[in-house]
Amino acid sequence: QEAAKYEKKVMVLDFVTATPLGNSWGLGGTCVNVGCIPKKLMHQAALLGQALQDSRKFGWQFTEEVKHNWMTMTESVQNYIGSLNWGYRVALREKKVTYENAYGEFVGPHTVKVLPSHVCWVFLLYFLNRAERFLIATGERPRYLGIPGDKEYCISSDDLFSLPYCPGKTLVVGASYVALECAGFLVGLGLDVTVMVRSILLRGFDQDIANKIGEYMEEHGINFIREFVPIKVGSKWELHDTLKTIKLQCAGVASNRKKCMHKKNWFGRDACTRKIGLDKVGVKINEKTGKIPVNDEEQTNVPYIYAVGDILQDKLELTPVAIQAGRLLVQRLYAGATCKCDYVNVPTTVFTPLEYGACGYSEETAVEKFGEENIEVYHSHFWPLEWTVPSRDNNKCYAKIICNIQDNERVIGFHVLGPNAGEVTQGFAAAIKCGLTKEQLDSTIGIHPVCAE
Amino acid sequence: WEEKQVRGYPEFVQTGRSAHGRPIFALFCGDKDAEGRSWCPDCVTAEPVVRKELHNMPDESVFIYCLVGDRAYWKDPNNEFRKNLKLTGVPTLLKYGTPQKLVEEECFKAELVRMLFTED
């Protein structure tokens, strides 16, 4: 859309290879269809369940038992996603961007082959398109476990948000933010959830906070099976088969059998860079990870080919980062701008049942980079006012900042664990970008009574 | 494809039900006076654009041309079209049962109307 603003002729090739279950989706990428958007909505559904429970203490009276209907929620979520898909179609058309729901592949310099999904593959009909410049933003897809039965009996986040039936008792394999967020809302909706973790939770995030998140989830109904990995998934058909039961054989000190309805699979995400003909145009990728190294102007080793988003090597995998990088790139190319994307101090939030907002260094990374004696950590537990009346945990919410003593006690890390963590963190990210110091923070008067103060 | 002309919310719902199973497209406009002119100037602009693209609809489609009511009825924030169909403006052209719709000036653009009629 940005390039079209500068009178460039633009084509977008967007194609979704169906999941093993046959699932696909519309225009908008992972975030809109099978990521941030449906995730946050389902997280909200779970939060509302909690709020209903709390409400009794605030005087609300209802005699019926409160239950959750998966289909109603999923339908509403998918409907909203549909309106976003449509909105993008309209926006692209209005800006005269050519959109093809088709698979694109480089075949030679400045040339892509476009395979429309509706065209008969038998006739191998395709179209060649040439362009001055190309931007690769193909993102990633879930990587399956690679064990027997994984594709037949497991689903991934690609399938979860549009699953046409309630997943029921679920085993989540993995402890990334995707795994924990999904496990979190599933249990919040009333399901029986177990998380199987190979080693640590939330690799790459502040581990002190990660452990607090894990503790909270455990105390709130999620079973964790730690230091186990699945080695086989199978199904046992009963005579009067009403439910599929899944027997899981797990590696570990003692063999463990878990029966559950659905197993959700998380073993990372793979960049979609291996089958788009990058070798035909000489774009270098990291052979092991599939990621594309770029310079600080998002340019690959081939000068007319650029890349943004999750496929970039050593860059943050976040929607707003990709959007910002893309916009600034186009402005540099066509509007004479010079501003490069700032990948430092990018705020993020993990929407686990106890939300976690962060900006800047984790404590361990700060210690590693600056030395323990050169950083000062200020921290505090807090009890949200809204949690007092319903007697919710008074010692779980937590905030800490990490300061660089050698630089005026500049705030180099911000971490908050509590409700509305995303809303709280956003403003602090702007302050950190401006070089917030501990003294400035101290002299900022708090808003009362809120968690952020 | 066939066209059905209705006026008011209950008639719209009834006609929508009778066409169940077929793709249904609906254009909502303000009432027309004795001379056939709508009180809604945007509807006057949009109608010919939409009519010109009708041949792009799938064969079995039903096109419902719906007059919503007079200006006062439309301005009422609680009218049935706003409440039940979540309409926010007239003209609105939508594919019934999907989130796909075009509102106000979007209906002036033949390309967008064609996209609505032909896309999945």
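Labels below follow one simple rule: chain letters A, B, ... track the order of the sequence lines, proteins then strands, and each chain is numbered from 1.
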ask   = Is the number of heavy atoms from other residues, nucleotides or ligands within 6.0 Å of CG (A:Asn69) greater than 12?
value = yes
remark   = When B:Leu116, B:Leu112, B:Val103 are each screened for side chain to side chain contact (heavy atoms under 4.5 Å, CB included) with A:Val90, the one that passes is B:Leu112
request  = Could you tell me whether B:His55 atom NE2 has more than 12 heavy atoms of other residues or ligands within 6.0 Å of it?
outcome  = yes
note = Note: B:Pro99 and A:Gly82 closest approach over all heavy atoms is CG-C, 3.4 Å
ask   = More than 12 foreign heavy atoms under 6.0 Å from CZ of B:Arg37: is that the case here?
value = no
inquiry  = With a sphere of 6.0 Å drawn around OH of B:Tyr73, does it hold more than 12 non-hydrogen atoms of other residues, nucleotides or ligands?
reply    = yes
key: Nearest-0.5 Å distance, CD of residue B:Glu111 to CD of residue A:Glu94   = 10.0 Å
message = What's the separation between atom CE in B:Met115 and atom CH2 in A:Trp86, rounded to the nearest 0.5 Å?
response = 4.0 Å
